[in-house]
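One structure below.
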2 protein chains.
Amino acid sequence: MSNLTIMDIAREAGVSKATVSRVINNSGAVSPRTKERVLEIIKENKFSPSATARNLSKGTSSAIGFVVPEIDNPFFGEILRGVTEITDKNNLTLICCNTDDEREKDRRALDLFKENRVRGILYTPAVDYTDKKDRKNLIRIFDEINVPVVVMDRNINLPNVDGVYFNDYQGIYEATKALIGAGHTKIGIINADLEKPLARDRQKGFTDAMEQAGIPIREGYILAGDFHATKSYHLSRELLAMEDRPTAVITCNNRTTLGFLKALSERGESVPDDIVCFGLDRIETLELLGNNYNFIERDAMKMGREAIKLLINRMAFPGRPKMEVVLDTKLIINKL
Amino acid sequence: MSNLTIMDIAREAGVSKATVSRVINNSGAVSPRTKERVLEIIKENKFSPSATARNLSKGTSSAIGFVVPEIDNPFFGEILRGVTEITDKNNLTLICCNTDDEREKDRRALDLFKENRVRGILYTPAVDYTDKKDRKNLIRIFDEINVPVVVMDRNINLPNVDGVYFNDYQGIYEATKALIGAGHTKIGIINADLEKPLARDRQKGFTDAMEQAGIPIREGYILAGDFHATKSYHLSRELLAMEDRPTAVITCNNRTTLGFLKALSERGESVPDDIVCFGLDRIETLELLGNNYNFIERDAMKMGREAIKLLINRMAFPGRPKMEVVLDTKLIINKL
DNA sequence: CTGAAAGCGCTTACAG
DNA sequence: CTGAAAGCGCTTACAG
């Protein structure tokens with residue numbers, strides 16, 4: 001049996017489609033008696049109006065595009081959870097895409113959103129779009145889609161686009177200061193490619209803290225990987241094997257931390273006795289197990305909530321100036 | 001500037017809407033010259049046809065509903081990843097919902113899917129629907145929506161509905177046998193409420209293996225929690241504090257394992273020296289760190305892939321008999 | 001090979 | 001308060 005339509009309901013209620021529509025939307029004037037009768041029949045038949053037809057007719061849509069690079073990374077899982085918490089309440093539909101950090105998939109996701117005429121996009125870029133051409137291209141695509149966009153987590157400095165970011169600079173800066181305060185001077189850092197904005201930002205937090213304390217930075221202690229565990233693991237092995245190695249290491253995201261801890265445990269060493277670790281992001285498993293690493297906490301669920309709120313706000317006020325929400329991080333210190 | 005329509009393209013190309021439509025869909029006959037011209041103009045204008053209008057017109061949809069209870073649990077994150085891998089290739093749109101294990105949200109997700117006239121649903125139930133009334137209700141809802149459904153992971157035995165499940169029974173059964181084979185006789189198990197089908201299934205794997213080996217099962221070693229870490233933690237504390245405690249413990253999902261390991265590490269004890277642990281599901285973090293627990297591996301990404309394949313197949317062959325895919329698990333043994 | 005027209009299931013001025 | 005009609009942006013028989 002195919003789906004009922006508004007026409008079926010109208011017929012059965014002995015009214016016109018228009019009236020049924022008014023009842024459904026609670027719009028216009030409908031006499032109480034008519035309304036009741038129509039509602040009754042709708043209920044009886046478990047009728048629910050087609051979102052597709054409604055969207056076409058109204059020229060709007062209830063869909064929000066959501067795209068993240070690694071949907072199986074709990075960090076993004078939590079963001080998504082924060083988002084759904086609010087979309088659910090607002091009757092918004094989430095179209096989810098996963099890009100595996102590939103530009104091509106990023107592109108396809110945006111095409112999909114365009115075809116579906118989404119009302120807004122929650123976007124964590126797959127790559128950093130530092131390449132001039134890629135960047136121009138991306139900006140053009142957003143121009144074409146022409147709906148509100150909120151960038152999450154990875155700030156690629158798009159003109160006139162809202163965003164929600166963590167204050168990673170501050171997090172790393174404070175973590176570094178905390179280590180220095182605890183007497184560490186030989187501090188290493190495992191970061192990603194320092195050409196990339198995200199990595200640069202974090203690196204600056206480190207450098208600033210070190211310079212302010214008048215502590216020289218040793219080139220050999222600065223490792224530039226790619227934010228993934230494997231790379232971090234290999235870099236960490238080298239670092240840990242150095243003759244004169246750091247007494248503390250800062251890792252710049254949760255994957256990096258894991259790579260480091262793996263290299264460490266392979267040597268039969270552990271934190272914080274053999275070396276101190278200060279990581280970015282909570283790692284739930286380790287925390288549960290009482291692992292003594294220190295971390296900079298970032299509330300991903302909150303990021304999700306803020307992002308969708310920003311988007312909804314922008315949908316309501318398309319003309320308002322660009323807004324960026326920067327979420328503070330928090331140091332969780334176990335032992336330095 | 002609002003979106004272009006097929007009419008704009010038609011006008012500019014000097015043809016009718018029908019022709020443009022044929023070009024877009026590669027359907028019907030269009031002269032090569034016309035086709036080329038139309039394509040040219042489409043490209044120039046970055047035109048992409050409205051999925052909404054197309055869906056309404058064709059009476060179909062490109063959307064698949066995806067609903068899981070805990071989107072920030074990496075297990076479901078991986079399932080989702082497996083799903084997107086295939087939907088991306090088939091130009092299917094994923095509408096994601098998160099239910100937090102709440103029946104009410106489960107219900108709302110299905111309503112949403114109905115309104116959006118999705119073509120199919122990938123469904124992990126929020127609750128087990130053992131309650132007769134709830135169950136009837138659910139079946140009725142699916143009847144109303146009347147599109148293919150594939151249940152994932154949690155088998156609630158819906159009549160005539162496809163599903164993809166792991167062979168948890170076999171996993172636990174083999175794990176238990178492995179423990180017995182290594183000489184353990186005092187084996188505990190941390191499971192969920194044994195009234196629930198999921199838990200019962202796992203429990204049976206345990207019981208069967210023990211009985212076949214002629215080993216008596218001690219009531220006190222059987223803990224029934226709820227598949228969450230906190231509950232497991234509390235139960236584990238009691239278990240570990242017993243005078244005559246087990247030498248090995250089986251934990252029935254990743255959360256349960258964490259709760260157990262937490263209770264253990266709090267006592268200053270660790271696996272496998274103080275007690276052996278055999279868990280269901282890999283825990284990436286622990287593995288990376290070389291933690292010596294044993295686990296039953298379940299390939300969640302594969303579950304995602306199989307589920308969407310089953311759904312696509314069912315969409316193509318609506319009349320075919322019910323199919324269930326049961327994925328084998330695999331023992332990963334470190335030290336028993 | 002191409003176009004005019006009807007239709008998908010709604011919404012919304014407009015008229016009464 | 002209610003309905004007839006036009007329109008949203010497509011697709012698809014049908015006729016030529």
Side-chain angles (χ1 to χ4, degrees), chain A residues 1-39 41-42 45-63 91 93 114-119 145-146, chain B residues 1-39 41-42 45-63 91 93 114-119 145-146:
Chain A
M1 65 202 76
S2 96
N3 275 307
L4 293 177
T5 73
I6 214 178
M7 194 57 220
D8 300 315
I9 303 299
R11 198 158 19 220
E12 202 169 329
V15 297
S16 73
K17 295 189 301 178
T19 299
V20 176
S21 175
R22 287 189 195 102
V23 171
I24 289 171
N25 294 288
N26 232 321
S27 67
V30 182
S31 85
R33 291 196 48 231
T34 312
K35 186 168 178 174
E36 204 181 339
R37 187 151 35 94
V38 172
L39 282 176
I41 294 186
I42 285 176
N45 292 282
K46 319 274 179 201
F47 169 72
S48 82
S50 155
T52 309
R54 167 180 297 183
N55 287 337
L56 181 61
S57 180
K58 286 195 155 190
T60 76
S61 151
S62 52
N91 243 305
T93 306
K114 188 179 178 194
E115 273 174 26
N116 283 278
R117 308 290 191 261
V118 297
R119 284 191 52 191
I145 304 186
N146 193 30
Chain B
M1 69 202 73
S2 94
N3 275 306
L4 292 177
T5 74
I6 215 178
M7 194 57 219
D8 299 315
I9 303 299
R11 198 156 21 217
E12 203 169 329
V15 298
S16 72
K17 296 188 302 178
T19 299
V20 176
S21 175
R22 286 188 196 104
V23 171
I24 290 170
N25 294 289
N26 233 323
S27 68
V30 183
S31 86
R33 292 196 46 231
T34 311
K35 184 168 182 175
E36 203 181 339
R37 188 150 36 94
V38 172
L39 282 175
I41 294 186
I42 286 177
N45 293 281
K46 320 274 180 202
F47 169 73
S48 83
S50 155
T52 310
R54 167 180 297 183
N55 287 338
L56 180 60
S57 180
K58 286 193 153 187
T60 76
S61 151
S62 51
N91 242 307
T93 306
K114 187 179 180 196
E115 273 176 25
N116 282 276
R117 308 290 191 264
V118 298
R119 284 190 51 191
I145 305 188
N146 193 30

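Here is the naming used below: chain letters follow the sequence lines, and residue numbers restart at 1 for every chain. Note that these values count all heavy atoms, side chains included, but never hydrogens, waters or copies made by symmetry.
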key: Short side-chain donor-acceptor distance under 3.5 Å, A:Lys58 and A:Asn25   = no
inquiry  = Heavy-atom nearest nucleotide on DNA chain C for B:Arg117 versus B:Gly14: which residue maps closer to 5'?
reply    = B:Gly14
request  = Select one nucleotide: of C:dC10, C:dT2, D:dG9, the one nearest the side-chain heavy atoms of A:Pro49.
outcome  = C:dC10
Nucleotide nearest B:Lys17 when distance is taken to its side chain, options D:dC10, C:dG9, D:dG3 = D:dC10
note = note: A:Asn55, atom CG; C:dC8, atom P; distance rounded to Å ~ 19 Å
query = Should A:Ser27 be listed as having a side-chain N or O under 4.0 Å from OP1 or OP2 of C:dT11?
reply = no
request  = Using a 4.0 Å heavy-atom cut-off across all strands, classify A:Arg33 as base, sugar-phosphate, or nothing.
outcome  = nothing
task = Respond yes when some side-chain nitrogen or oxygen of B:Thr19 is under 4.0 Å from OP1 or OP2 of C:dG3, and no when none is.
result = yes
key: Side-chain heavy-atom pair B:Lys114, A:Lys46 within 4.5 angstrom cut-off   = yes
remark   = Result for side-chain contact (heavy atoms from CB on, under 4.5 Å) between A:Val23 and one of A:Thr34, A:Val38, A:Ile41 points to A:Val38
remark   = B:Leu56 CG to C:dA6 P, in whole Å, measures 18 Å
message = Among D:dT11, C:dT12, C:dG9, which nucleotide has an atom closest to any side-chain atom of A:Lys58?
response = C:dT12
request  = To the nearest Å, give me how far apart CD1 (A:Ile24) and P (C:dC10) are.
outcome  = 7 Å
key: Rounded interatomic separation in angstrom, taking CZ from B:Arg11 and P from C:dG3   = 14 Å
ask   = Between D:dG3, D:dT12, C:dG9, which nucleotide gets closest to the side-chain atoms of A:Ala53?
value = C:dG9
message = Does B:Arg22 contact C:dG3 through a side-chain donor or acceptor facing the base, at a distance under 3.5 Å?
response = yes
query = In whole angstrom, what separates A:Asp8's CG from C:dG9's P?
reply = 9 Å
inquiry  = OP1 or OP2 of C:dC10 versus the side-chain N and O atoms of A:Ser57: is any pair under 4.0 Å?
reply    = no
Partner nucleotide, any strand, of D:dA13 [Watson-Crick/G-U, under 3.5 Å] = none
B:Thr52 side chain near A:Asn116 side chain, heavy-atom distance below 4.5 Å = no
key: Interatomic distance, A:Leu4 CG vs C:dC8 P [rounded to whole Å]   = 14 Å
task = Would you indicate what A:Asn25 reaches in the nucleic acid, counting non-hydrogen atoms under 4.0 angstrom: base, sugar-phosphate, or nothing?
result = sugar-phosphate
ask   = Are the side chains of B:Asn45 and B:Glu12 in touch, meaning some heavy atoms are under 4.5 Å apart?
value = yes
request  = Remember a base hit wins even if backbone is also touched, and classify A:Thr34 as base, sugar-phosphate or nothing at under 4.0 Å, heavy atoms.
outcome  = sugar-phosphate
inquiry  = Measuring to OP1 and OP2 of D:dT12, would you say a side-chain N or O of B:Arg54 lies under 4.0 angstrom away?
reply    = no
query = At under 4.0 Å between heavy atoms, what does A:Ser50 touch on the DNA or RNA strands: base, sugar-phosphate, or nothing?
reply = sugar-phosphate
key: A:Ser16 side chain, from C-beta outward: closest of D:dT11, D:dA4, D:dC10   = D:dA4
key: D:dA4: pairing nucleotide in any strand, Watson-Crick or G-U under 3.5 angstrom   = none
request  = For A:Ile9 and C:dT11, give me the distance from atom CD1 to atom C1', rounded to whole Å.
outcome  = 17 Å
ask   = CE of A:Met7 versus P of C:dC10: gap in Å, rounded?
value = 11 Å
query = Would you say B:Ser48 and A:Arg117 make side-chain contact, with heavy atoms under 4.5 Å?
reply = yes
